[in-house]
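What follows is a short report on a single structure.
Starting from 1, each residue takes its place in the sequence as its number. Values in this document were obtained by computation on a predicted structure and should not be read as measured data.
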Amino acid sequence: LFFRGWLLTELERDYTPQVALVSTALIFALVHFLKPFSEVVRTFPQFPALMILGLLLVWAKRAFGNRLGICIGLHGGLVWAYYQLKVGKLITYTGKISPLVTGIDKNPLMGLMGILFLSVLAIYIQRLASHRRQVSQGRLRTLGCRNGKWRRDRSRERSPTTGNPDQIERQGHPRKIPQSASDNGF
């Protein structure tokens, strides 16, 4: 709520979307280090993963119509998965692979595998956000659900008089949509 809710909104009012994105992600990562200095030094290798996670959560919010639920769900799901792996001992560390790969102190965020996983997820979410932005700006056509409402692609429909699908809209005469059951003759 704080980072992708209030802080991001405030930064977007005064700065470009990119500055707001990076600033929010940086502050998100830094807040995770509000602890004693010795602990900061020990856990600092997770900083890149936290930065990627901050970027990922902002892109997710933007991809889904600025809804906070997706950020809360993703963050909660990732924390849940971490605790299932760590506390539930679903993975047994054998020591055959360097902790730089699997994670220092058995923390996946402090290893290359965790960073790789978050990077792939971030790239997917960022591309999804970019695609949805292009669709909303009219640069791409899509079928399916948009803003919670199913719609169909009307590009193949033709005007009964001219055969042009945009004829009615260009003339400024939108099709009449019945407002109530009485308008339908019922």
With sequence neighbours left out, write down each residue that passes side-chain contact (heavy atoms from CB on, under 4.5 Å) with Ile52, or none if nothing qualifies.
->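 Expected list: Ile115, Leu118, Ser119, Ala122.
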Return the set of residues passing side-chain contact (heavy atoms from CB on, under 4.5 Å) with Leu11 (not counting sequence neighbours), or none when no residue passes.
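Leu7, Tyr15, Ala20, Ser23, Thr24.
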*Tell me, which pairs form a salt bridge (charged side-chain N to carboxylate O under 4.0 Å, His left out) where one or both residues lie in residues 36-58, sequence neighbours left out?*
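Listed once each, the pairs are Glu39-Arg42, Arg42-Asp105.
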query = Ignoring hydrogens and geometry, is there a side-chain-to-backbone donor-acceptor pair from Arg62 to Ser130 under 3.5 Å?
reply =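 Flag not set: sc Arg62 to bb Ser130 has no pair under 3.5 Å.
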| task | Measure from the side-chain N and O atoms of Lys61 to the backbone N and O of Cys71, and report whether any donor-acceptor pair falls under 3.5 Å. | result |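 Judged by distance alone, no pair lies under 3.5 Å.
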Within a strict 4.5 Å, meaning less than it, do heavy atoms of the Tyr82 and Asn107 side chains meet?
->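 The answer is yes; the side chains approach within 4.5 Å.
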For the residue pair Phe117 and Leu78, establish whether any side-chain heavy-atom pair is separated by less than 4.5 Å.
->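 Contact flag for Phe117/Leu78 side chains = yes.
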Taking atom [atom1] of [X] and atom [atom2] of [Y], what is their separation to the nearest 0.5 Å?
X	Y	atom1	atom2	value
Thr16	Leu21	OG1	CG	9.0 Å
Phe44	Phe37	CZ	CZ	10.0 Å
Lys35	Thr43	NZ	OG1	3.5 Å
Gln46	Phe33	CD	CZ	4.5 Å

**Prompt:** Should the pair His75 and Phe28 be assigned to parallel (<30°), tilted (30 to 60°) or perpendicular (>60°) ring geometry?
**Reply:**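 Perpendicular.
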For Ile97, I'd like to know if atom CD1 has over 12 heavy atoms of other residues, nucleotides or ligands within 6.0 Å.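 For Ile97, atom CD1 is not crowded (no more than 12 foreign heavy atoms under 6.0 Å).
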- Report the residue from Leu74, Ile70, Ile72, Leu68 that forms a side-chain contact (heavy atoms from CB on, under 4.5 Å) with Leu57.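 By the side-chain contact (heavy atoms from CB on, under 4.5 Å) criterion, Leu57 pairs with just one of Leu74, Ile70, Ile72, Leu68: Leu74.
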Worksheet item: Is Leu50 linked to Leu30 within one hydrophobic cluster, defined over Ile, Leu, Val, Met, Phe, Trp and Tyr using a side-chain heavy-atom separation of less than 4.5 Å?
Response: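 Yes, Leu50 and Leu30 fall within the same hydrophobic cluster.
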